[in-house]
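Ligands are counted one by one from 1 in listed order, and the atoms in each one are counted from 1 as well.
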Amino acid sequence: MPDSAVPAAPVFRCGRFAFDLSRPHVMGILNVTPNSFSDGGRYFNLARALAHAKQMIRDGADIIDIGGESTRPGADPVSTADELARVLPLVEALAQLEVAVSVDTRKPEVMRAVIEAGASIVNDVNALRAPGALEVVAASDVGVCLMHMRGEPRTMQVAPQYGNVVTEVRDFLVARAEACVASGVARERVVLDPGYGFGKRLDHNLSLLRGLPVFVATGYPVMMGVSRKSSLGELTGRAVDQRLAASIAAGLAAVARGARILRVHDVRETVDALKVWMAIERVE
Ligand code: 7PJ
């Protein structure tokens with residue numbers, strides 16, 4: 001086959017970064033909420049948050065995802081001013097480093113400010129459905145993660161039901177991705193995330209993980225966040241700070257089914273697991 005006929009490896013373009021998705025990448029979670037469930041709000045302090053981010057970078061994180069609004073089930077909303085006060089100083093500091101800065105937010109005002117401050121990715125659990133959000137992203141060169149969520153964080157775990165969870169979630173995400181592309185966002189800037197744990201029961205989450213190839217077949221890169229989530233507690237009976245092995249197992253299963261960005265708390269351990277997986281699969 002001539003070189004020109006070899007399909008280029010998929011790439012995720014975000015700001016000044018271009019990630020080669022022939023191998024999986026790791027997004028380290030940096031929560032700066034006083035109430036993040038899995039780290040007890042330990043990083044609600046600029047110096048400590050920065051030190052933790054730098055450790056994740058040394059451990060091999062390609063992306064740092066800063067979150068100033070807790071979106072865990074049952075969480076209350078936070079004001080734009082509070083969210084900005086939490087995330088902006090971190091974006092400014094981390095944007096100086098060789099790491100892509102992502103911000104986990106649903107608010108267009110926050111998106112605009114963090115892009116201005118040097119963020120490379122908008123990670124929106126609401127898939128840019130807030131009025132004005134799509135326009136802010138389209139007017140920039142950042143990458144965007146579109147995640148599926150049923151309902152609102154405060155109420156999303158109240159009896160979620162689906163016909164076929166895999167195709168429903170896929171169809172929603174593809175429609176949001178097409179809305180981005182129609183607004184001028186290049187396809188290579190868009191990543192899809194089925195939203196593990198967001199308005200889903202255990203069997204829905206497992207179906208989504210099993211069904212990841214259906215998402216990969218859309219042609220958009222797939223991201224997955226399973227780290228320490230409650231369904232892993234349901235399966236193992238472990239408390240949130242005891243779910244490392246479960247998180248690694250679920251994360252590797254996602255990568256084996258084609259996910260190319262893993263959103264995790266435990267960067268060092270995940271990077272080790274991926275090194276072993278890549279050697280076995282002969283991924284360079
Ligand atoms: C996710 C997220 C996820 C994306 C959170 C938690 C809850 N963003 N933000 N995917 N989860 N893209 O970390 O448990 O799964 S917050």
message = I'd like to know if Arg106 and Glu152 make a salt bridge, using a cut-off of under 4.0 Å between side-chain N and carboxylate O.
response = yes
Atoms in ligand 1 with a heavy atom of Met223 nearer than 4.0 Å = 4 (C), 12 (N)
message = I want to know if ligand 1 touches Asp65 in the polar sense, i.e. an N/O pair below 3.5 angstrom.
response = no
ask   = Is the CZ atom of Arg129 crowded by more than 12 outside heavy atoms at less than 6.0 Å?
value = yes
request  = Could you name the option among His265, Lys229, Met224, Met147 that has the heavy atom nearest to atom 14 (O) of ligand 1?
outcome  = Lys229
Could you list the donor-acceptor pairs under 3.5 angstrom formed by side chains in residues 93-104, with sequence neighbours left out?
{"unit_1": "Gln96", "atom_1": "NE2", "unit_2": "Glu92", "atom_2": "O", "d": "3.3"}
{"unit_1": "Glu98", "atom_1": "OE2", "unit_2": "Arg16", "atom_2": "NH1", "d": "3.2"}
{"unit_1": "Ser102", "atom_1": "OG", "unit_2": "Asp65", "atom_2": "OD1", "d": "2.6"}
{"unit_1": "Asp104", "atom_1": "OD2", "unit_2": "Arg263", "atom_2": "NH2", "d": "3.3"}

remark   = A student checking ligand 1 against Asn123 at a 4.0 Å heavy-atom cut-off should list atoms 4 (C), 8 (N), 12 (N)
query = When you look for heavy atoms under 4.0 Å from ligand 1, do you find them on the side chain of Asp104, its backbone, both, or neither?
reply = side chain
request  = Kindly confirm or rule out an N or O of Asp193 lying under 3.5 angstrom from an N or O of ligand 1.
outcome  = yes
ask   = Can you list the ligand 1 atoms lying under 4.0 Å from a non-hydrogen atom of Val125?
value = 2 (C), 8 (N), 9 (N)
request  = Find out whether the Lys NZ or Arg CZ of Arg150 is both under 6.0 angstrom from the six-membered ring centre of Tyr162 and within 45° of the ring's axis.
outcome  = yes
ask   = Which atoms of ligand 1 have any heavy atom of Gly225 under 4.0 Å away?
value = 15 (O)
query = What atoms of ligand 1 come within less than 4.0 Å of a heavy atom belonging to Cys145?
reply = 12 (N)
query = If you link I, L, V, M, F, W and Y whenever their side-chain heavy atoms are under 4.5 Å apart, who else ends up in the same group as Val276?
reply = Ile280
message = Which residue in the set Val166, Val169, Asn164, Val222 passes side-chain contact (heavy atoms from CB on, under 4.5 Å) when paired with Val214?
response = Val166
ask   = So, Asp124 and Arg176, do they make that salt bridge, N to O below 4.0 Å?
value = no
